[in-house]
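Labels below follow one simple rule: chain letters A, B, ... track the order of the sequence lines, proteins then strands, and each chain is numbered from 1.
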Amino acid sequence: MSEILGCEKVTKRFGGLTALNEVSLSVVKGEIFGIIGPNGSGKTTLLNVITGLIRLDEGRILLDGRDITKLKPHERVKLGIARMFQGMRVFPYLPVYLNVELVARSIYGDVRLARARTSWALTMSGLLPEAGELPIRLTPYKLRMLEFARILVSNPKIALLDEPFAGLTPDEAEAMIGLIRKFNSLGVTFVIVEHKLRYLMRIANRVAVLNQGVKIAEGRPEDVVRNPQVIEVYLGVS
Amino acid sequence: MYVDIYKYILLFSIFHSSTYLTFSLGFSMLFGVAKIPNLAYGSLYILSAYVMYALTTYIGLEPLVAALVAILVAGLASLLIGEVVVKPGLKMPVSVFITTLSVAYIFEEFFRIEMGLRPITLPVYPGVTYVLGVPVSNHWFLILSASLLMFLSLTAFLKYAVLGRSIRAVAESWDESRRLGIDPLKVLRVAFFVAGVYAGATGVLLTPLKALTPTAGWGPLFTAFAIVALGGVGSVTGTLIASFIYGFFEQSMTYVLGSGVASISPLILIVLVLVFRPQGLMGRVE
Amino acid sequence: MVFAKRSAKDLIVGKIPFLIALAVLTLLPLLNVGGFWLDVLTKVNLFLLVTLAIDLYSGTTYYLNLGVSFTFGFAGYSLALLNVYYGIPTEYSMLLAIPISIFFSLAILLPSLKIRGVYFAILSLLVPIIFIGIVTAQPFSLYLGGEGGLRFKQLFLDFARSLPPGIRLTFLQYSYYYISLAAAVVGYVIAYKIGFSDFGFMLRAVGQDEELAEGTGINTLKVKVIGFLISSAYASVAGALYASMRPPVTVDLVVPANTLIPPLTSVIVGGLGTLIGPAIANYLLLLTYELLWGLIGRWRVIAYMLLLIIIITIKPQGIVFKAYVEARKFLRGVFSE
C-alpha cells in the first residue's frame, strides 16, 4: 500500500473565511477515493489546491512522495494529475477533437504521439463519430465523455473528478461507473468529489467527509455513513 | 520662498482635485452601472462648453442661464448616447469600446469643422481673493463650492433617494436587482443622464480657466479613467480619495518637473497601481 | 486524422478568393491607378499587418490590447532615432527598429498580462497616451521632435536620387507599394498558419475558458506571452515599414484614432479570430474611408464613424466573415456543377 497523493495539513483562507482548515488526506495507489460533504464544505477548493489553480496558505501536496506544492497547474498535469471540472466545462467554440488534442499537445512534445493519443482517447469514450462537431451540439452525457476523454489523453496516474454523475440519467451514470471501474483496473487512481452519495458509495474504497473546511471523518463508505457526526452535518441535512 | 511653493501646491491641488472629482464621479457611477467605460464621456465636457459659448456669444444669454442650458444639453446628449450606442452593445464590451470611441471622434470632428482649432474661452467669475498670501481667482472658489455641492448631493442621492439606491443595486448585480423588481435599463438611463450633467457641469466650470479646443475632451477622459482605476469602479469614497491623490501628485510634479511631463506623471502612477493592485486602491478582492 | 482532412476541391475553392485578391493587388499598379491610390493601397497593405496583430492576439484570447498603436509608433520612433542620432541608414535602422520595438512592448505591457478583463484594455490604452505625453513634453520633445516630428531620409531616397528626375517619385511609389504588398501577403500567410495551428487553438482556448485551459495542462502564461510576442512583431514590422516610407515620424503614428481604431474596427466587423474576415474588412473599410474624401471632403470622418456605429450596432460582429462563408458556399456550388 503506497501513497500516491498526499495532502498534509492543507489550509486555505479567503479574506476572513477559512475554506480549508488543516485538511490531511492520503490516497493510496490504485484505489477509488471519495470526498463528500455539503455545499460549500470546501470540496472543490480542495481539488483546486491539488491541481494548483489555487495557491494554498499552509501545508504541502505530495505526488508519489514528491513535494509538488510549488508547481504550476500545467506542470502537475504533466506529472500525471488530471481533472474533470464541475458542471461540464469544455471549450465551447473548439471542435471536440481539438478539445482533447490541445491537452495532448501540451503534454507530449511529439505531434504524432499527441494525435495518436487523441484518437485513442476519443475511441475509448465513444466520441469518434462526433469528433468534428462543436461541443454545443453534444448531449450532456457526451459532454461528460468529452471530459473523460480529456482525462484519458493525458495518461494520468491520478484522476480528480468533480461531480461526474451530476446531470446524468441512471443509465448514463451506470455507464460512467463502468468506465471508472475499467480504468481503475488498468491502474488509474481516482479521487471523486460528489454531493450525491448513491453512486459514490458503490464504487469508492474509502471516503473522506468535509464540513466547513474541516475533515470530520474518513474510512470505508459503510463505516462513514454510520458515523454520528457525519449523519448530523451531512445526511441529516439532505 | 519654499514655503510659498508648498502653499501653492497644497491650494491648487485642492482646486484641481475638486474638478477631477466632479468629472470622475459621473464616469465612475456609469462605469459601475453599465460595467463598460463610456469613452464618449469626454465629448460631453466639450459639448457643454461649446453650447455655452454659442449661447453667450451668438445669442447673448446671461452666463448663468447659458450654463444651465448647456449642462442640460450635455445630460440629454449623454442619455441619447446611452440609448442609441451603448445599450445595443451591452453584451459585447469590445463593440461598445469602439462605438463610444467613434462618438467621441464624431464630436471632435464636428467641432473641428464648425469651430476650428482656435481655442475659445468662457466668461470668468471676476475678482481675486488672497488665501494664505496666495492670490486665487474667485472662479476657483466657484468651482470648489459647486464641486462640493455636487459631491454631497450625489452622495445623498445614492444613499437616500429610491432611484439612487436602485443605481447602487444595479451596480452591485444586474440579476439581483432584477429579482428585487428594479429595471436595470431604466436605472441605466438615469445614470447616463446624471453622468452627462456632471460632465457638462465640469466643462462649463473649467473652460473659463482652461482654453477649449475640439480635442480638449481627451485629457479629462483619461484623468477620469485613471481616477476610477485608482479608486475602484463605482466607489464614491474611492473616487474622492483618488481625485485628491491624483491632483496632489500632478500639482507637485508640475513644480518638480514642469507642466509638460507632469500631466502624464499621474498616468504612470496609475499604471503602476494597476499592475500591483489590479482591483484599485479601494476595490474589493474578488 | 480522418475528420481533419479536407478534400482537394475544398482546398482549391478555399484558395481561389485569396489568389484572385493577390492577382488584383499585384496587377493594380500596372493599370495606372494614379499616385494617390498607390499611396493609399500601400498604407492599407501595411495596416493589414496591424489588423492581423490585433486579430491574432485580441481576437483569439479576448484580451483587448489597445497598446498596439504604441508598438506601431515606437517602431517608427526607434527607426528615426537610430537614423538621426546614430547615422544608421534608414534601410538598416528599419530592420533594427523591429526587435527594439518588440522588446519595449513586451517589457512595458507584459506585467499587465495578469490583469483580466476591462482593466487590461484600459491599462493598454494608457500606454500610447503616456508615450504621446512624453514625446510632446518639454525636455523630451527637444530630442524626439515634439509636435513637428523627427525628420530623416526616407527609404531608398539615396538610390532614387541617382535616377533621372522624372521617374524618382514613380520609383519610390512603386517600390513602396510592392514592399507593402509582399509584407501583407507573407504576413497573412504566416498569420493563417499560426492562427489555425495547435498554438492558435491554444490561444482560443485561453480566450474561451482560461481556468479550464490552465487546469487541463495548457501553460497559459507561456501561450499568452508568445501570442503577445507574435502580435507585437506584426505591429512592429508594420510600424517600421510605414514610418520608413513617410517621414517625418510624429505622434500621429501613436494616436489611437489613426493607428488603432481602423484596424480594431476591421477586426470586429470582420469577425474575431477568423483572420480572413478582418483581412477583407481591412481593405473594404479603409478604401471606403479614402473614397469618402472625394465625396464629402472633411465630413468623411463623421460619416465613417456613423457608418461604423450603425454596422456594429445592428450586426454586432463578424458580418464580413459571415458574408465570406456565404460567398464560398456559392462558389462551391458553382464548382460542383
Query raised in the report: For R89(A), is it the side chain, the backbone, both or neither that has a heavy atom under 4.5 Å from a heavy atom of chain C?
Result: both
**Report entry** Toward chain C, the part of Y93(A) with a non-hydrogen atom under 4.5 Å
**Finding:** both
Report summary line: Ranked by heavy-atom pairs below 4.5 Å to chain C, first place among L102(A), L53(A), N48(A), V77(A) goes to L102(A)
Query raised in the report: So is R204(C) actually on top of F196(C)'s ring, under 6.0 Å and inside 45° of the axis?
Result: yes
Report summary line: Correct closest heavy-atom pair for V320(C) and G277(C) would be CG1-O, 3.5 Å
Report task. Would you confirm whether N184(A), through its side chain, and G30(A), through its main-chain N or O, come within 3.5 Å as a donor-acceptor pair? Result -> yes
**Report entry** Distance-minimising heavy-atom pair for A204(A) and G34(A)
**Finding:** CB-N, 4.2 Å
Report summary line: Ranking L94(A), V90(A), V153(A) by heavy-atom pairs under 4.5 Å to chain C gives rank one to L94(A)
**Report entry** Proximal component of L98(A), with respect to chain C [non-hydrogen, under 4.5 Å]
**Finding:** side chain
Query raised in the report: Are side-chain N/O atoms of R83(A) and T51(A) paired as donor and acceptor at under 3.5 Å?
Result: yes
